[in-house]
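Comments concern the structure below.
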Amino acid sequence: MKTLILCLVFLIISQAQGLNPKCETQEYGSTLKVFHIYSPCSPFKPSKPLSWEEDVLSMQAKDQTRLQYLSSLVAKKSMVPVASGRQIVQSPTYIVRARIGTPPQTMLMAMDTSNDAAWIPCNGCLGCSSKVFNTARSTTFNTLACHAPQCKQVQNPTCGGGACVFNMTYGSSSIAANLSQDAITLAADPIPSYVFGCLQKTAGSSVPQQGLMGLGRGPLSLLSQTKNLYKSTFSYCLPSFRSPKFSGSLRLGPTGQPLRIKYTPLLKNPRRPSLYFVNMIGIRVGRRIVDIPPKALAFNPSTGAGTIFDSGTVFTRLVEPAYVAVRNEFRRRVKVANVTSLGGFDTCYTVPIVAPTITFMFVGMNVTLPQENLLIHSTAGSITCLAMASAPDNVNSVLNVIANMQQQNHRVLFDVPNSRLGVAREHCT
Ligand SMILES: *[C@@H]1O[C@H](CO)[C@@H](O)[C@H](O)[C@H]1NC(C)=O
Ligand SMILES: *[C@@H]1O[C@H](CO)[C@@H](O)[C@H](O)[C@H]1NC(C)=O
Ligand SMILES: *[C@@H]1O[C@H](CO)[C@@H](O)[C@H](O)[C@H]1NC(C)=O
Ligand SMILES: *[C@@H]1O[C@H](CO)[C@@H](O)[C@H](O)[C@H]1NC(C)=O
């Protein structure tokens with residue numbers, strides 16, 4: 001009887017959250033399921049389905065804000081202007097399940113490889129959505145005091161009634177949080193005293209509704225806090241949002257990582273230590289290496305220029321000279337004269353095409369992308385676009401961003417101790 005009631009309560013809760021019971025499968029070991037925010041398992045999918053074109057345009061608009069944000073990170077500016085008047089809900093594209101507190105409360109946190117911070121909306125938060133972590137119901141929850149050593153690791157901490165409080169900007173939003181500590185469980189791994197920001201106030205539309213899990217490598221990041229458990233190593237396989245299988249995986253720690261995988265060195269930009277920079281040295285379209293001025297690809301810690309892998313941007317952005325060279329060769333190879341555009345994509349076709357592969361050439365590793373990572377097709381099949389664009393021209397864009405559509409159905413391994421990033425083809429399940 002008790003079990004039945006529990007099951008019922010569970011069902012009601014999952015339905016209240018809009019979760020498909022199929023999505024509630026158990027997670028084992030150190031591997032979390034990764035859901036696209038538009039997946040049937042996500043409570044954040046638009047309430048009325050968007051048309052294909054609306055989908056693409058809204059993802060592009062979010063990318064624009066994210067690119068501005070990432071550019072501001074490399075340039076160490078703080079606040080990011082919101083793009084052209086329109087309300088843009090910009091938040092990372094993939095979510096994972098975390099269980100926080102004692103007894104555990106489940107939150108679907110956004111995964112962001114370009115951020116260190118972790119924060120969770122807490123009870124009493126102004127501007128957060130309705131689902132919050134109720135700190136009063138957790139017997140293991142603590143607020144950290146101003147003199148706690150961790151308080152020195154957040155940027156611009158202040159003292160609010162003895163509590164360590166910090167403010168920061170994220171995308172086009174600002175947040176205020178109390179530095180806090182509680183138990184968190186990821187898949188089957190308990191992490192007893194995890195330090196995170198307990199959101200007290202948010203303004204703007206970029207804040208992921210149930211919290212942010214930063215997978216960057218700065219001092220208070222998940223990686224730094226779980227060094228003994230996960231050895232600063234993780235990998236993910238990102239599913240396509242159209243994938244009927246719904247989920248991919250986030251595998252934490254060195255166990256179970258692929259052995260056959262190609263690597264390129266990770267580079268560290270002291271101005272922005274949490275971003276995962278790599279050295280991209282060329283781009284091939286089909287078998288031809290396109291002509292790109294070396295400056296467009298070069299890593300430069302003082303300007304922030306270079307190439308990063310990011311899980312939160314959807315479509316790869318290249319600085320203009322690099323993008324133009326790739327696009328021109330792509331068009332030459334496709335040999336269809338009638339090129340049209342859609343939103344920010346300038347290389348679209350209204351007839352079926354045969355596309356060449358595109359290879360990102362990194363030091364020690366070439367990653368050749370097949371059509372599924374390069375082309376987006378409208379549902380009706382009437383338009384096909386090359387799913388990349390040049391960096392937005394209204395920001396100081398020096399950054400090439402290898403984005404999540406180009407990473408889908410690959411395992412991307414972040415091996416921080418050995419300072420390398422690996423990529424291997426994998427069908428995400
Ligand atoms: C956060 O800190 C403020 C004091 O700055 C306090 O009033 C508030 O209750 C704290 N919130 C939580 C959830 O601990
Ligand atoms: C942080 O944000 C809170 C709430 O918006 C505000 O009251 C406070 O003045 C801010 N503190 C700093 C140092 O900016
Ligand atoms: C080129 O595409 C446009 C837009 O789809 C169409 O209106 C036009 O007829 C096409 N031109 C040719 C020569 O196919
Ligand atoms: C990548 O491809 C280029 C030419 O297409 C080749 O010269 C180079 O050796 C390859 N690099 C690796 C690491 O396989």
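Atoms within each ligand, like the ligands themselves, are counted from 1 in listed order.
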task = Report the C-alpha separation of C348 and C385 in whole Å, then their side-chain angles, then the decisive distance to 0.1 Å, and conclude whether the disulfide (SG to SG under 2.5 Å) test is met.
result = CA-CA 4 Å; C348 301; C385 298; 2.1 Å; yes

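Partners of E329 by side-chain contact (heavy atoms from CB on, under 4.5 Å), not counting sequence neighbours, listed by chain and number: V285, R288, V290, R332, R333. Partners of N409 by side-chain contact (heavy atoms from CB on, under 4.5 Å), not counting sequence neighbours, listed by chain and number: E372, H427, C428.
For residues 251-260, the side chain to side chain donor-acceptor pair (under 3.5 Å) pairs, not counting sequence neighbours, are S235-Q257.
F234 and Y276 have perpendicular rings, their planes meeting at more than 60° on a 0 to 90° scale where under 30° would count as parallel. Classification of the F141-F133 ring pair by plane angle, with boundaries at 30° and 60°, yields perpendicular.
Ordered by chain and residue number, the residues placing a heavy atom less than 4.0 Å from ligand 4 are R284, M361, G364, M365, N366.
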